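Here's the structure we're looking at; comments come further down.
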Amino acid sequence: MPMSPISPQPALTSPDVCSQSARRADPLRRVVLRVVTGALPGLAVWVFTGRLDTAVGRDRRAVAAGNPTLQLREGWVLRHDDR
Amino acid sequence: MFAESLTELARADRLFDVCLVGSGPAGITLATELDRRGLSVLLLEAGSAQFDADSQAMLQAEVVGPLRFDATICRARCFGGSSTLWGGFCRPLDAADFHNKVEGIDTAWPITRDDLDPFLARAEAILDLPPATPDEPWGNQLMRTSMRYSPPVNFAVKYRPFLARSAHTVVALDACVVDLQERGGAIAALQVCGPDGTRHRLRARRIVLCAGGIENSRLLLWANARHGGRVVSEPRTLGRYWFEHPHFTLGEAWLQTASDFQFDRWSIAWAAPSESAMREQGLLNVGLRLTRQPREASRELAVRMACVAPELARTALSRMGRRLSCGVLLRASWEQSPQPWNRVVLSTTADRYGVPRAELHWRLGEPERHSARGAALLLAAELARRNGGRVRLDPWVLGRGGFPADDEIKGNHHMGGTRMSRHPHDGVVDPNGRVHGCANLYVAGSSVFPSGGAANPTLTIVQLALRLADHLAANSLPAKSA
């Protein structure tokens, strides 16, 4: 569930803003999942692979830098790949 | 020895080398150290040998500000002072605590940790502390720290036998100092009230106020008012820059692998921002306390997490079931920015001896919230980076609402008010603890702290008292002075 990334410190958006961001992101994820599981398998594989590669690469780079992209959800400080 | 009566003590009109006002950790440490060096010591305690509610009522003080608390808690007007009821938590100040960490916030001391380190081993022995566990880096921006616990030492119990048989020290109980009589830039005598209200005059070459983090300011403010500002000749900071250690719950956390943390006897694992993190992110020092929760509370935490990350919560519940992971309450005790508007002033009401009560003006602000939030986020980021757990922060930490009034609020650590400074304009006492401009008046205890870091203050109080004892012994005044 991709959401507004936050750096560990100092600026944090408020929980409200982050929750709104989460809600905005949800439809996109649903579309991607529908594509992956549904009607256009070729495109689905391309989209999924692309997103996965990007996510994994970003995560690896962030972890390597000691600063993973975090997200705030209802006060929880989560990794972007937390489900 | 213990004085039989205040009347006889006053009648003898003995000139002591040093008079100590207050018998808490600072006063008794000074008394025993000076006694061993052969100085004659008069140790005055306003209360009795035992805790007494009527006597305790003399300490009542009104707290003015949005967060109210009982200012008599954890102060004790009896022999042994606050050591008769403290918790025993001990940790020295960090080296960074003696310097400015955040631009625009004056936390610097006129001395450094190197000035106090020589007194650490002696202070540890006085407080019966176990060996220290060194802090260790945990990630790039956090330190895993620890707390040491005194049994806790009750100074009245531990040192009463020594003081009772001493030939150099006279302990006077029920002896409440109500005035410092100034003459020619020095304190010529103390006016002391007995329990029946009778006033007596006692003399010493040097006087050390060790009455506590509120009473030191109160007594100096009162004496200065009575003597036309001649006791503290530059009173700009007198009573000001008073501070506490805010104590609040910041949120909660799930620890994926509980064994990654060492929980101490209070089920607390400790962490703090590193010195570089404090400087880079503008944080005051913060002691993060991860208090391990029992199984049921941990499960409830996982259920809350399920609302935002159900797969993660399933993992948490599964691991909790096998006792591999746990929930923790994320609390903090941290540094308050010293500010002039936080201060002790004299109230319009007085105690039964006619001395105005203390009124405490105190509030927390954005630097405190920013520091707590910053430290909590460092922990959250490090746990997430390691996939070692997740943190949830309470709304007020993230800027929604004020500091919660129903929390612990403060640690009963009363600091500042007679802050130490190199120049009289910036503080009340010099780096040795002597009141600027007054030849023979000193202050000991946490009231001289210019800032308080995140460490509980008693260990530092004892270190400073030992340092002052060395100074007084090395600079004994000739017999004719005072």
Side-chain angles (χ1 to χ4, degrees), chain A residues 1-34 36-37 48 51-83, chain B residues 102 138-142 250-254 273 277-278 280-283 286 301-302 304-316 330 366-367 369-401:
Chain A
M1 189 181 289
M3 282 185 288
S4 56
I6 58 169
S7 59
Q9 173 68 16
L12 256 187
T13 47
S14 75
D16 281 345
V17 171
C18 289
S19 297
Q20 287 162 14
S21 171
R23 282 193 289 276
R24 280 198 301 274
D26 271 337
L28 173 62
R29 192 162 78 104
R30 282 199 294 273
V31 168
V32 171
L33 290 174
R34 267 204 302 276
V36 169
T37 57
F48 185 74
R51 286 178 58 83
L52 188 65
D53 283 348
T54 304
V56 170
R58 187 171 61 236
D59 192 39
R60 282 183 180 153
R61 284 194 299 278
V63 170
N67 183 14
T69 303
L70 302 176
Q71 55 187 249
L72 194 62
R73 212 182 299 168
E74 308 298 339
W76 285 92
V77 183
L78 300 173
R79 290 161 62 121
H80 66 82
D81 55 352
D82 282 341
R83 301 285 183 266
Chain B
V102 180
W138 195 63
N140 294 329
Q141 297 183 296
L142 281 170
L250 308 183
E252 59 187 348
W254 164 58
M278 284 190 271
E280 287 165 13
Q281 304 195 12
L283 306 180
V286 180
L301 180 154
R304 284 191 288 278
M305 189 163 62
C307 299
V308 295
E311 288 178 24
L312 205 59
R314 256 195 302 277
T315 304
L330 177 57
E366 201 49 39
R369 190 206 304 256
H370 172 78
S371 297
R373 177 176 58 206
L377 284 170
L378 289 177
L379 176 72
E382 187 59 27
L383 282 172
R385 188 182 75 82
R386 295 167 180 254
N387 202 23
R390 299 293 185 273
V391 169
R392 185 190 63 73
L393 299 177
D394 286 345
W396 74 267
V397 180
L398 298 168
R400 187 193 288 172

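For clarity, every value in this text was computed on a predicted model and none was experimentally measured. We name chains A, B, ... by the order of the sequence lines, and we start the count at 1 in each one.
Nearest heavy atom pair, residue B/L398 against residue A/G75, reads CD1-CA, 4.1 Å. In plain terms, the two heavy atoms of A/W76 and B/R304 that are nearest each other are NE1-O, 3.9 Å.
Between chain A and the options B/V397, B/L379, B/N387, heavy-atom pairs under 4.5 Å are most frequent for B/N387. Interface summary for chain A: among B/D394, B/L383, B/L312, B/V391, the most heavy-atom pairs under 4.5 angstrom belong to B/V391. Heavy-atom pairs under 4.5 Å with chain A peak, among B/C307, B/A309, B/A313, at B/A309.
Judged purely by atom type and a 3.5 angstrom limit, B/R390 has no side-chain atom pairing as donor or acceptor with the backbone of A/L78.
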